[in-house]
Amino acid sequence: MISSIDDLDLIKEKQVFFFDLDGTIYLGNKLFDNVLELIELLKRRNNTKFFFLSNNSSKSTNDYLNKLNGYNLNISIDNIILSQHPVIYFLKKEGYKRIFLMGTTSLKKEFENEGFELSEKEPEILVLAFDQELTYDRLVKASKFLEKNIPYIATHLDDRCPTENGYIPDAGGFASLLYKTTERMPKVFGKPNKEMLLFKLQELDIPPKNAIMFGDRLYTDIKMGKNAGVTTCCVLSGETKIDMIKNSNDKPDLVIDGVWKLLDIL
Ligand SMILES: [Mg+2]
């Protein structure tokens, strides 16, 4: 079931490498072996782009850059894709200016830096993110806007977020709560939705077949890659065990033990 070296040969032709983070690049707080060497190799490679992905929109891109460079990855802000990025791409493309953002202070700053006006009175659209500063007052305001049929989108809809101390409520939980009040659900952009990869490929003007997605979760990382039409590679260094692949509808194109294997191929 693990892909042979011959099967893995197609990775050599890829121009864009998308990587999930937890379970793929690191586990908890520990970077997997040879990840630093892999990143250096990708930086040196001609015509190659690489990106690290997370659905976690409670943090700004700068927060994530600091976190990742804390592992000595030495990457730039352009190497990071968070679920707010396809949302920002969409809002700009559709011409939205005034938004009601359910998000953290650092996310609000990011939206303001991108030129959006955060509006409490007459927003054109409601954006739901992983708002770790959510208050009852904000929920009431959101419900009022939703009842007036304002367009409604979300960065991602994970129900819960794993932490060292167990699960905490995430954006999907907030969406369920608002659904109970308003019977409305948002359009979603983060994993497993294809927008998370396609907006970047559109920006780069590179076709999906020239890209590959590495991740440890079948129902988010692999599903998203398949939705977007990119090659998918499941790593067994995180959540997925080989038996789970046999029983899943979201079968990856390739399976490897971990991203360190790429050093033998590229
Ligand atoms: Mg993962």
Side-chain angles (χ1 to χ4, degrees), residues 20-22 26 28-29 52-70 77 80-92 96-191 193 195-196 199 220:
D20 165 57
L21 285 168
D22 208 4
Y26 50 70
N29 278 324
F52 300 105
L53 281 77
S54 172
N55 263 2
N56 186 350
S57 60
S58 71
K59 302 221 180 339
S60 73
T61 317
N62 259 319
D63 294 337
Y64 251 91
L65 182 66
N66 292 335
K67 177 184 158 97
L68 292 176
N69 281 342
I77 201 151
I80 299 171
I81 299 178
L82 303 175
S83 58
Q84 62 262 37
H85 296 155
V87 164
I88 289 169
Y89 184 83
F90 168 83
L91 291 171
K92 286 183 175 174
Y96 286 107
K97 286 269 184 311
R98 290 192 315 279
I99 59 176
F100 183 82
L101 177 62
M102 301 177 79
T104 56
T105 305
S106 70
L107 189 72
K108 284 177 179 161
K109 275 204 196 94
E110 181 164 356
F111 273 77
E112 283 178 328
N113 290 341
E114 291 286 344
F116 297 104
E117 182 193 329
L118 302 183
S119 171
E120 301 283 310
K121 291 227 166 74
E122 281 183 81
E124 297 161 332
I125 189 165
L126 193 157
V127 179
L128 173 67
F130 186 3
D131 187 357
Q132 294 180 335
E133 297 156 22
L134 186 63
T135 62
Y136 191 73
D137 177 60
R138 303 285 292 164
L139 286 168
V140 170
K141 279 185 180 151
S143 308
K144 283 188 178 153
F145 291 133
L146 291 177
E147 271 169 29
K148 285 185 192 152
N149 258 331
I150 189 175
Y152 176 29
I153 63 176
T155 55
H156 66 299
L157 276 196
D158 296 24
D159 288 328
R160 53 189 195 168
C161 175
T163 73
E164 289 128 36
N165 303 315
Y167 289 107
I168 56 173
D170 202 331
F174 305 153
S176 300
L177 195 153
L178 287 170
Y179 177 79
K180 294 268 186 184
T181 310
T182 66
E183 294 190 353
R184 291 190 59 193
M185 284 300 278
K187 172 178 169 59
V188 190
F189 290 80
K191 299 180 204 175
N193 295 279
E195 283 85 354
M196 184 92 164
F199 91 98
T220 55

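The model shown is predicted, which means the values in this text are computed figures rather than measured ones.
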How long is the span from the [atom1] atom in [X] to the [atom2] atom in [Y], to the nearest 0.5 Å?
| X | Y | atom1 | atom2 | answer |
| --- | --- | --- | --- | --- |
| Leu126 | Met102 | CG | CE | 6.5 Å |
| Asn56 | Phe130 | CG | CZ | 6.0 Å |
| Ile99 | Ile153 | CD1 | CD1 | 7.5 Å |
| Leu101 | Ser119 | CG | OG | 11.5 Å |
| Leu53 | Met196 | CG | CE | 4.5 Å |
| Glu117 | Arg98 | CD | CZ | 6.0 Å |

* To do: Let me see the working for Phe111 and Leu91 under side-chain contact (heavy atoms from CB on, under 4.5 Å), right down to the final yes or no.
  => CA-CA 10 Å; Phe111 273 77; Leu91 291 171; 3.8 Å; yes

* Asked: Could you walk me through whether Ile168 and Gln132 pass the side-chain contact (heavy atoms from CB on, under 4.5 Å) check?
  -> CA-CA 10 Å; Ile168 56 173; Gln132 294 180 335; 4.1 Å; yes

* **Cation-pi check, Arg160 onto Tyr167 ring (under 6.0 Å, within 45° of axis)** =>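 Judged by the rule (NZ or CZ under 6.0 Å from the ring centre, within 45° of its axis), Arg160 counts as positioned above Tyr167.
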
For the pair [X] (side chain) and [Y] (backbone), establish whether a donor and an acceptor sit closer than 3.5 Å, ignoring hydrogens and angles.
| X | Y | answer |
| --- | --- | --- |
| Asn193 | Gly190 | yes |
| Gln84 | Lys59 | yes |
| Asn113 | Glu110 | no |

Using distance only, find each side-chain donor-acceptor pair of residues 170-181 under 3.5 Å and give its atom names and separation, not counting sequence neighbours.
from   : atom 1 : to     : atom 2 : distance (Å)
Asp170 : OD1    : His156 : NE2    : 2.9
Ser176 : OG     : Gly172 : O      : 3.0
Thr181 : OG1    : Leu177 : O      : 3.4

* Can you list every salt bridge (Lys or Arg N to Asp or Glu O under 4.0 Å) pair that touches residues 138-156, not counting sequence neighbours? ->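 As it turns out, the salt bridge (Lys or Arg N to Asp or Glu O under 4.0 Å) pairs with a partner in residues 138-156, which skip direct neighbours, are Glu120-Arg138, Glu120-Lys141, Asp137-Lys141.
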
Can you name the closest pair of heavy atoms from [X] and [Y] and give their distance?
| X | Y | value |
| --- | --- | --- |
| Ile125 | Phe90 | CD1-CE2, 4.3 Å |
| Pro86 | Leu82 | CD-O, 3.3 Å |
| Ser83 | Ser57 | OG-CB, 3.5 Å |
| Ser54 | Tyr64 | OG-OH, 3.1 Å |
| Thr155 | Val87 | CA-CG2, 3.9 Å |
| Leu139 | Ser143 | O-OG, 2.8 Å |

* Asked: Side-chain contact, heavy-atom cut-off 4.5 Å: Ser106 with Asn62?
  ->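 Not in contact.
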
* **Flag side-chain contact, heavy atom, 4.5 Å: Leu21 against Leu68** =>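 In contact.
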
* Asked: Which residues pass the side-chain contact (heavy atoms from CB on, under 4.5 Å) test with Lys92, sequence neighbours left out?
  ->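 With neighbours one apart ignored, the set is Ile88, Glu114, Phe116.
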
* Asked: Salt bridge or not for Lys187 and Glu195, using N-O below 4.0 Å?
  ->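 Salt bridge between Lys187 and Glu195, a charged N being under 4.0 Å from a carboxylate O: yes.
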
